[in-house]
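So the structure is just underneath, and the comments pick up after that.
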Amino acid sequence: MVTLVRVSKEYLRGGTLVMALQEVTLDVSQGEFCALVGPSGCGKSTLLNLVAGVDHPTGGEILLDGRSTSGFVDRDWTRLRREFVGMVFQAFHLIPGLTAEENIALPLLLNGLRGKEVGLRVGECLESVGMRHRQHHRPGELSGGEQQRVAIARALVHRPQLILADEPTGNLDSASGAEVVALLRSLPQQTGQTVIMVTHSEAAALQADRLYRMKDGRVEG
């Protein structure tokens, strides 16, 4: 599903060369829940951004569903994120003026979907995250845990094969965080989707099928 082969990422900071990732190799299988854990600045979020095509490696190769991304241009990455990848962030990135169901519908509308199919898919996702009873509420009327559930539903609504979650519990209390991790944990089991989660939380990381520890831009195991 997701394969990194000796992937590196370097950039300049104030004239100094920084190695954000150093020849990282890993393989995440279809239907696997994988966690990347490590201290701030170790390269976890950089790795996730490279898989999503938000940033690009300076060395190595990334393969998604068996296909090399080395020759991808911007429109290829845009299409991939719209069809293949769902993204969940620490900051929920919900639009304040829209209701929960309207926020969830956005990816479908951006993909050109209209009519009854939008309502059916949004309803299905609201049910899957336990938020049907809050569908008409705006983000400011929801708790942090509820907002993250809506954000996860939005990431699921276009039925991606791969979910990338960057510190999804970072803004939540421990109880809400545990619920969100349990929800992400359920996706590979129920739908066969692949989940890669970046986290500082050891408790969250231990829920994964496979755990990679990162330090100084390298994967330790």
Side-chain angles (χ1 to χ4, degrees), residues 1-9 20-38 42-89 107-108 111 121 124-125 128-129 151-169 180-199 201 204-214 217-221:
M1 165 57 70
V2 179
T3 301
L4 278 69
V5 182
R6 301 185 68 179
V7 170
S8 297
K9 176 63 180 180
L21 287 180
Q22 302 185 56
E23 297 196 345
V24 170
T25 294
L26 58 83
D27 190 28
V28 181
S29 301
Q30 175 73 42
E32 189 171 42
F33 181 22
C34 167
L36 303 170
V37 66
C42 71
K44 305 186 303 297
S45 293
T46 297
L47 191 155
L48 216 62
N49 286 337
L50 295 180
V51 173
V54 176
D55 203 352
H56 305 296
T58 47
E61 184 178 27
I62 299 172
L63 296 93
L64 299 178
D65 205 21
R67 180 185 178 191
S68 174
T69 62
S70 294
F72 275 22
V73 295
D74 286 346
R75 67 174 179 273
D76 297 318
W77 283 114
T78 298
R79 185 182 305 112
L80 187 102
R81 285 190 292 268
R82 286 185 174 180
E83 299 175 1
F84 185 80
V85 177
M87 300 185 71
V88 181
F89 305 93
L108 300 180
N111 283 348
R121 287 211 200 176
E124 177 185 281
C125 286
S128 71
V129 301
I152 291 171
R154 182 184 57 193
L156 298 176
V157 74
H158 62 294
R159 299 173 180 168
Q161 295 183 48
L162 174 64
I163 305 296
L164 302 177
D166 192 359
E167 297 286 2
T169 65
V180 164
V181 172
L183 176 57
L184 292 171
R185 161 75 275 177
S186 72
L187 297 177
Q189 298 168 338
Q190 295 180 6
T191 66
Q193 289 166 302
T194 304
V195 178
I196 302 178
M197 177 180 68
V198 159
T199 183
S201 168
L206 290 173
Q207 300 302 309
D209 298 315
R210 189 178 305 189
L211 171 59
Y212 291 101
R213 297 187 183 277
M214 295 189 66
R218 297 183 183 274
V219 170
E220 296 186 318

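Please read these numbers as outputs of a predicted model, since none were measured by experiment.
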- Task: State, yes or no, whether a side-chain contact exists between R185 and D209 at a heavy-atom distance under 4.5 Å.
- Result: yes
- Is it true that a side-chain atom of T194 and a backbone atom of L162 form a donor plus acceptor pair closer than 3.5 Å? no
- Message: Measuring from atom CZ of R154 to atom CD1 of I152, what distance do you get when rounded to the nearest 0.5 angstrom?
- Response: 10.5 Å
- Query: Are any of the side-chain heavy atoms of L206 and L211 separated by less than 4.5 Å?
  - Reply: yes
- Item | Inter-residue atom distance M214.CE - L47.CG, 0.5 Å rounding | 5.0 Å
- Parallel, tilted or perpendicular: ring planes of H56 versus W77, cut at 30 and 60 degrees: tilted
- Note on the structure: CD1 of I196 to CG of L164, rounded to nearest 0.5 Å, is 5.5 Å
- Message: Treating N111 as the side-chain partner and R82 as the backbone partner, does any N or O pair qualify as donor plus acceptor under 3.5 Å?
- Response: yes
- Note on the structure: In V51, L63, D27, V28, the residue satisfying side chain to side chain contact (heavy atoms under 4.5 Å, CB included) with L4 is V51
- Message: Looking at every heavy atom in both A208 and C34, which two are closest together, and how far apart are they?
- Response: CB-C, 4.1 Å
- Provide the closest heavy-atom pair for L184 versus F33 in the form atom of the first, atom of the second, distance. CB-CZ, 4.4 Å
- Task: Start with the C-alpha distance between R79 and D76, add both sets of side-chain angles, then the distance that settles side-chain contact (heavy atoms from CB on, under 4.5 Å), and finish with yes or no.
- Result: CA-CA 5 Å; R79 185 182 305 112; D76 297 318; 3.4 Å; yes
- In L48, V88, V198, the residue satisfying side chain to side chain contact (heavy atoms under 4.5 Å, CB included) with E167 is V198
- Query: Rounded to the nearest 0.5 Å, what separation is found between the CG atom of L36 and the CZ atom of R210?
  - Reply: 11.5 Å
- Between the side chain of Q207 and the main-chain N/O of A182, is any donor-acceptor distance below 3.5 Å? no
- Can you find a heavy atom in the side chain of P188 that is under 4.5 Å from one in the side chain of V195? yes
- Could you grab the distance from atom OG1 of T3 to atom CD of E61, nearest 0.5 Å is fine? 9.0 Å
- Message: Could you report the tightest heavy-atom contact between P57 and L50, atom names first, then the distance?
- Response: N-CD2, 3.5 Å
- Message: Let me confirm one number: the CG-NZ distance from D166 to K44, rounded to the nearest 0.5 Å.
- Response: 8.0 Å
- R81 to H158 - nearest heavy-atom pair and separation: O-NE2, 3.6 Å
- side-chain contact (heavy atoms from CB on, under 4.5 Å) between N49 and T46, intermediate numbers included: CA-CA 5 Å; N49 286 337; T46 297; 5.7 Å; no
- Task: Give the C-alpha distance, both sets of side-chain angles, the deciding distance and a yes or no for side-chain contact (heavy atoms from CB on, under 4.5 Å) between L80 and F72.
- Result: CA-CA 10 Å; L80 187 102; F72 275 22; 4.2 Å; yes
- Run the side-chain contact (heavy atoms from CB on, under 4.5 Å) check on T25 and V219 step by step: do they pass? CA-CA 8 Å; T25 294; V219 170; over 6 Å; no
- Distance-minimising heavy-atom pair for A155 and I163: O-CD1, 4.0 Å
- Item | Minimal non-hydrogen separation, L183 against S128, with atom names | CD1-O, 3.7 Å
- Item | Side-chain donor/acceptor of T58 to backbone N/O of S8, under 3.5 Å | yes
